[in-house]
Amino acid sequence: MSTPQLDKTYSPHDVENRWYQRWIDGGLFHADPAHTGQPYSMVIPPPNVTGSLHVGHALNNTLQDILSRWRRMQGRNVLWMPGTDHAGIATQNVVERQLQAEGTSRETLGREAFLRRVWKWKEQSGGTIIGQLKKLGASCDWERERFTMDPGLSEAVREVFVRLHQDELLYRGERLINWCPRCLTALSDIEVEHEETTGKLYTIRYRLADDPTQCLLVATTRPETLFGDTAVAVHPEDDRFRHLIGKHVRLPLTDRAIRIVGDSILVDREFGTGAVKITPAHDFNDFEAGERHALKRIKILDLHAHLRLADSLADAAVAEAVENLPVAKARPKIEQLLTDQGFLEKSEPHKMALGKCYRCKTVVEPFLSDQWFVKIKPLAEPAIQVVEDGRVRIIPEAWKNNYLGWMRDIKDWCVSRQIWWGHQIPAWYCETCYGTPFLRRSSDGAPLIPSDAVAIVAKTMPDACPHGHRDALVQDPDVLDTWFSSALWPFSTLGWPKQTPELKAYYPTSTLVTGLDILFFWVARMIMMGLKFMGDVPFRDVYIHALVRDAEGQKMSKSKGNVIDPLHVMEQYGTDALRFTLAAMASPGRDVKLAEERIEGYRNFTNKIWNAARFLLMHLDGERVDVPPAQRSFPDRWILSRLNTAISTVTQELEQYRFDRASSAVYQFIWHEYCDKYIEMVKPALKDATSEQAKSTRQTLAETYETMMRLLHPFMPFITEEIWQTLPHAGASIVRSPFPTTRTDWESQEVEQEFALLEECRALMNQARAILGYPAGKKLHFRAHGKTSKVGSALRKHKFLIEYMENVEDLWIADTFEGSNPGGLLVLTGNSVQVRTSMEDADLQKAKDNVIKQNMLLQKEVARTQQKLSNPDFVAKAPPDVLSEHHERLKRESQIIQLFQEALGHIEVHTWDRKRHERS
RNA sequence: GGGCGGAUAGCUCAAUUGGGAGAGCGCUGCCCUUACAAGGCAGAGGUCACAGGUUCGAUCCCUGUUCCGCCUACCA
């Protein structure tokens with residue numbers, strides 16, 4: 001029989017493409033709800049359809065793939081559900097930029113044509129990231145790929161919207177919301193990123209209406225909003241200002257007088273001047289203060305956050321100077337005007353948090369408008385409950401409090417977006433009932449639905465309004481927040497609202513793997529919606545992985561130029577190397593700092609694996625005899641026992657989502673136990689290919705390597721499949737072969753202990769070589785002493801192996817440490833083994849230096865141990881085993897020192913001999 | 001402002017009931033030994049951030065300090 005041979009270095013490229021295609025062709029990732037295994041399901045965190053793979057995706061999906069492949073091999077009924085989300089704002093931005101480049105705009109095209117255009121773009125470019133996930137080896141069930149705007153998922157969205165509305169958990173109203181003046185849409189609170197910046201704190205004089213010689217000093221960071229002021233607040237218990245409450249001040253630069261009110265909530269007496277201007281239409285706190293004092297709301301900004309002072313009664317000259325300017329440009333002009341007219345008391349630098357749009361980084365404005373909100377408290381309560389009682393586990397647990405804290409303080413969720421790409425809100429309004437046709441926005445012709453128009457919420461357009469009017473129904477032009485549909489992902493992808501076999505088999509899903517950054521955006525909302533509409537949690541475990549940073553710990557960003565492109569890495573080092581690196585570095589609660597050298601290190605690991613396989617195939621020709629483990633050779637029994645431990649460790653660590661420990665365990669085993677030790681040990685046995693020994697060793701080699709490939713497969717799917725296919729194996733693909741399980745007949749404590757003796761012996765021999773300056777290639781004579789006859793006989797049993805591994809000739813073995821050393825040998829002692837060797841050809845001066853150095857180190861340690869043992873408290877209070885360990889240590893160290901002293905004496909004699917010899 | 005996490009070898013990180021701190025990468029030396037130089041063998045390298053406390057004994061537990069992250073917040 002002949003086995004195939006492999007190339008000298010592993011070249012990932014062809015291997016990866018070839019096997020991925022075959023896995024797909026074989027339908028190996030396809031999930032069948034009728035499969036008899038216990039279901040194991042995950043939904044992918046849907047990447048933006050506009051996106052392309054970055055390292056964060058690579059980490060996220062590598063971990064999911066490890067879980068999927070591992071569970072699949074364990075025989076579970078695995079579904080890993082893939083797909084993308086429509087990323088409303090981001091996608092619309094992309095297509096709008098294209099239109100802009102073409103000299104047109106979405107308004108010119110009109111809604112329908114624009115949407116056709118986006119769909120076209122999505123069909124062409126939307127698949128990019130999916131292709132990249134496939135390159136990564138993701139074993140998703142691609143036949144089930146979903147998109148948040150698929151018909152089925154859109155139906156789920158409408159169903160949820162209607163039911164939330166029926167349950168009075170959804171309402172429309174005029175509120176202050178976060179507005180992005182560039183995207184021209186509302187944002188939810190968490191779509192605003194806060195960034196610390198240094199601005200200015202301006203102190204402005206507001207003159208009293210009835211005594212213009214007196215003024216109230218008001219502090220603000222936004223002087224341009226004074227045009228929207230409708231009151232000034234002071235603390236009702238502030239003696240400085242209490243007498244002013246109820247009086248009026250003249251608003252600078254305008255022809256208005258505004259009231260002074262007392263407000264203990266809004267005003268912090270310690271801060272600024274103790275007096276605050278109230279701008280209800282442009283500040284969240286002021287909005288609430290405005291409600292408390294029944295203040296008018298004056299809007300002074302338009303959709304683009306340009307000043308519009310028509311309602312503010314601003315001085316004509318002022319209005320002319322700043323009208324239609326963006327805030328950033330208007331502010332310095334206002335500052336100048338205030339200065340010129342003597343209103344500005346002072347301005348000083350001031351640190352503050354500025355809110356920016358998470359999509360485009362434009363400064364967001366609090367903006368008064370009609371929006372749809374989800375009433376969130378009733379949904380949040382059960383979602384808090386399930387995390388508190390552990391029905392949903394958050395791993396690592398440290399994030400649990402983070403989640404709970406946020407959920408307990410959650411605010412209503414603004415779900416309407418003033419864009420076109422997305423799920424258009426299933427609400428209609430009757431113009432006939434309203435009395436007049438709705439106004440249309442001149443920019444895009446979208447209807448402006450008045451606050452008091454009554455919404456008819458339904459899954460499909462109603463034939464008529466409740467009053468029977470048929471011809472003037474207008475659909476709400478807004479679309480829903482993308483996260484609204486993402487929140488349904490764990491059940492909408494399984495067919496809900498239809499009761500499908502998939503839904504039955506795979507919901508609740510088993511695990512969700514995601515990054516911390518979307519814990520609130522997505523995880524929290526899935527839990528709320530899952531509980532509300534499925535009556536059960538959407539997943540049992542949430543594994544939260546860290547952010548990927550660059551080697552310096554900086555967040556990767558295109559502008560910093562420190563982005564590691566996973567596709568480039570895969571091309572250069574192979575996908576398996578990238579995956580393994582990410583898994584190995586995924587320690588919980590810590591950011592992943594990724595440096596390319598680490599990937600290179602694991603590329604080397606793939607090459608090591610590859611070459612070990614080459615070694616196997618070179619020696620696998622010939623008969624293999626399968627004898628019971630207990631009857632196999634010592635190296636065979638040892639590697640089986642170690643393999644057993646590795647299987648147990650990897651499995652346990654994966655169960656606890658310790659990808660880092662699992663991968664380092666498999667790395668350690670393969671490189672340092674299998675390659676460094678085991679393969680070296682079996683070489684002699686394979687020399688005579690026809691021997692009985694060779695036959696059973698070949699069997700062990702094949703069996704262990706094949707098992708090892710299955711153990712490694714979830715981490716490195718490609719190379720393991722490639723090698724596995726060349727080895728004796730059962731089954732068509734490693735993808736569906738069983739994950740290794742432990743076997744009691746493989747484990748042998750006895751063999752492992754014997755091996756430890758060999759290692760001790762070898763280490764001492766190496767140390768002796770180093771001290772005496774003998775090169776590794778030089779054959780030496782050694783004497784090995786066992787501390788007991790049991791150790792001695794173990795050494796005797798493995799005499800040949802020691803000789804072979806350590807390049808030793810005629811090893812002489814004794815059963816005791818006792819016995820004189822008449823030959824002036826160098827003696828080194830370990831716990832159970834002592835080795836002695838000749839110094840004949842050594843570099844004696846070097847040896848002397850080495851021994852003196854070692855001796856000094858040891859003496860320091862002895863002194864420490866002695867000191868501890870001479871402390872009566874220690875002797876009295878330390879536990880007996882610690883005490884005896886210290887005594888033992890002292891004894892051993894003292895012995896070694898004595899032996900070193902002797903060695904020094906011998907070295908002197910040898911040196912002297914050698915000199916005499918040279919002279920004569 | 002509040003909360004959480006971190007600080008251990010040159011770098012990145014491990015280390016559970018408190019009893020002489022380990023790995024990978026890097027570095028140094030020797031070796032092209034027929035699986036692998038993307039390799040082998042050996043070695044150097046630590047005040048476990050700082051200061052107190054508890055203890056016979058602290059990298060570990062407690063308190064405080066410094067520095068670095070992250071989350072969160074309406075201090076105009």
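Chain naming here is simple, since letters A, B, ... match the order of the sequence lines and numbering starts at 1 in each. Computation of the quantities below employed the complete heavy-atom set of this structure, encompassing side-chain atoms and omitting hydrogens, waters and symmetry-equivalent molecules.
rA21(B) and rG3(B) are spaced 36 Å apart, taking the P atom of each and rounding to whole Å. rC27(B) and rU63(B): their C1' atoms are spaced 40 Å apart (whole Å). Look at the P atom in both rC31(B) and rG69(B): the space between them is 47 Å, to the nearest Å. The same atom, P, is picked in rA58(B) and in rC4(B); the two are 28 Å apart, to the nearest Å. Straight-line distance between the C1' atoms of rA73(B) and rG64(B): roughly 26 Å, to the nearest whole Å. rU54(B) and rU59(B): their P atoms are spaced 16 Å apart (whole Å). Remark: the separation of the C1' atoms in rC48(B) and rG22(B) is 12 Å, to the nearest Å. With C1' as the reference atom, rU33(B) and rG40(B) are 9 Å apart, rounded to whole Å.
The CG atom of Asn850(A) sits 12 Å away from the C1' atom of rG29(B) (whole-angstrom rounding). The distance between atom CZ of Phe580(A) and atom P of rC25(B), rounded to the nearest whole Å, is 12 Å. For the pair Phe521(A) CZ and rC71(B) P, the computed distance is 11 Å after rounding to whole Å. Between the CZ atom of Arg598(A) and the C1' atom of rG24(B) there is a distance of 5 Å, rounded to whole Å. Rounded to whole Å, the distance from CH2 on Trp399(A) to C1' on rG3(B) is 11 Å. When rounded to the nearest whole Å, the span between CD of Glu397(A) and P of rG5(B) equals 12 Å. Atom CD of Glu673(A) and atom P of rA23(B) are 13 Å apart (whole Å). Atom CD of Glu888(A) and atom C1' of rG19(B) are 16 Å apart (whole Å).
In this view, Lys411(A) and Asp189(A), Asp409(A) satisfy the side-chain contact (heavy atoms from CB on, under 4.5 Å) rule, not counting sequence neighbours. With sequence neighbours excluded, no residue satisfies side-chain hydrogen bond (donor to acceptor under 3.5 Å, both in side chains) with Lys608(A). Under the side-chain contact (heavy atoms from CB on, under 4.5 Å) criterion, Phe521(A) pairs with Ile190(A), Glu191(A), Tyr358(A), Trp483(A), Ile518(A), Arg525(A), not counting sequence neighbours. Residues passing the side-chain contact (heavy atoms from CB on, under 4.5 Å) test with Arg892(A) are Asn831(A), Arg889(A), Ile896(A), sequence neighbours excluded. In this structure, the side-chain contact (heavy atoms from CB on, under 4.5 Å) partners of Val569(A), at least two apart in sequence or on a different chain, are Ile564(A), Tyr573(A), Leu578(A), Ile599(A). Among residues two or more places apart in sequence or in another chain, the ring pair (Phe, Tyr, Trp, His ring centres under 6.0 Å) test is passed with Phe874(A) by His886(A).
For the pair Phe284(A)/Glu288(A), no side-chain contact is recorded, criterion being any heavy-atom separation below 4.5 Å from C-beta on.
Counting only N and O atoms by type, the side chains of Asn766(A) and Arg769(A) include no donor and acceptor under 3.5 Å apart.
In the displayed structure, Gln867(A) atom CD is contacted under 6.0 Å by at most 12 heavy atoms of other residues, nucleotides or ligands.
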Identify all pairs in which a protein N or O lies below 3.5 Å from an N or O of nucleotides 55-58 of chain B, and state each distance.
residue	atom	partner	partner atom	Å
rC56(B)	OP1	Lys877(A)	NZ	2.4
rC56(B)	O2'	Asn871(A)	ND2	3.1

Each nucleotide N or O in nucleotides 73-76 of chain B that has a protein N or O under 3.5 Å away: list the pair and distance.
residue	atom	partner	partner atom	Å
rC74(B)	O4'	Asn285(A)	ND2	3.0
rC74(B)	O2'	Asn285(A)	ND2	3.3
rC74(B)	N1	Asn285(A)	OD1	3.4
rC74(B)	N1	Asn285(A)	ND2	3.4
rC74(B)	O2	Asn285(A)	ND2	3.4
rC75(B)	O2	Asp268(A)	OD2	2.3
rA76(B)	OP2	His350(A)	NE2	2.9
rA76(B)	O2'	Ala219(A)	O	3.1
rA76(B)	N6	Asp268(A)	O	3.0
rA76(B)	N6	Phe271(A)	O	2.7
rA76(B)	N1	Asp268(A)	N	3.0

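Applying the side chain to side chain donor-acceptor pair (under 3.5 Å) test to residues at least two apart or on different chains, the pairs with a partner in residues 673-685 of chain A are Asp636(A)-Tyr678(A), Arg642(A)-Glu673(A), His672(A)-Asp676(A), Tyr674(A)-Thr704(A), Lys677(A)-Glu759(A), Glu680(A)-Lys683(A).
Taking the nucleotide of RNA chain B with the nearest heavy atom to each of Arg658(A) and Glu893(A), the more 5' of the two is matched to Arg658(A).
Using bins of under 30°, 30° to 60° and over 60° for the plane-to-plane angle, the ring pair Phe605(A)/Tyr602(A) lands in the perpendicular bin.
When all heavy atoms are compared, the tightest approach of Arg259(A) to His293(A) is NH2-O, 3.3 Å. Across Ala281(A) and Leu176(A), no two heavy atoms sit closer than the pair O-CD1, 3.3 Å.
Judged by distance alone, with hydrogens and angles left aside, the side-chain atoms of Asn855(A) form no donor-acceptor pair with the main-chain N or O of Val851(A) at under 3.5 Å.
In RNA chain B, consecutive stretches of 3 or more Watson-Crick or G-U wobble pairs with both distances under 3.5 Å are given as paired ranges: B:1-7 with B:66-72, B:10-13 with B:22-25, B:27-31 with B:39-43, B:49-53 with B:61-65.
Arg661(A) comes within 4.0 angstrom of sugar-phosphate atoms only, judged by non-hydrogen atoms across all strands, and of no base. Residue contacts shown for Tyr602(A) are absent, as no nucleic acid heavy atom lies under 4.0 Å away. Using a 4.0 Å heavy-atom cutoff across all strands shown, Phe520(A) reaches sugar-phosphate atoms only and no base atom.
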Contact letters for nucleotides 33-43 of chain B, in which S counts primed atoms plus P, OP1 and OP2 and B counts the base, heavy atoms under 4.0 Å: --BB-BSS-S-

Side-chain donor-acceptor distances from residues 228-236 of chain A under 3.5 Å, at least two apart:
residue	atom	partner	partner atom	Å
Asp229(A)	OD1	Lys277(A)	NZ	2.8
Asp229(A)	OD1	Thr279(A)	OG1	2.8
Asp229(A)	OD2	Tyr206(A)	OH	2.6
Thr230(A)	OG1	Lys296(A)	O	3.1
His235(A)	ND1	Glu237(A)	N	3.1

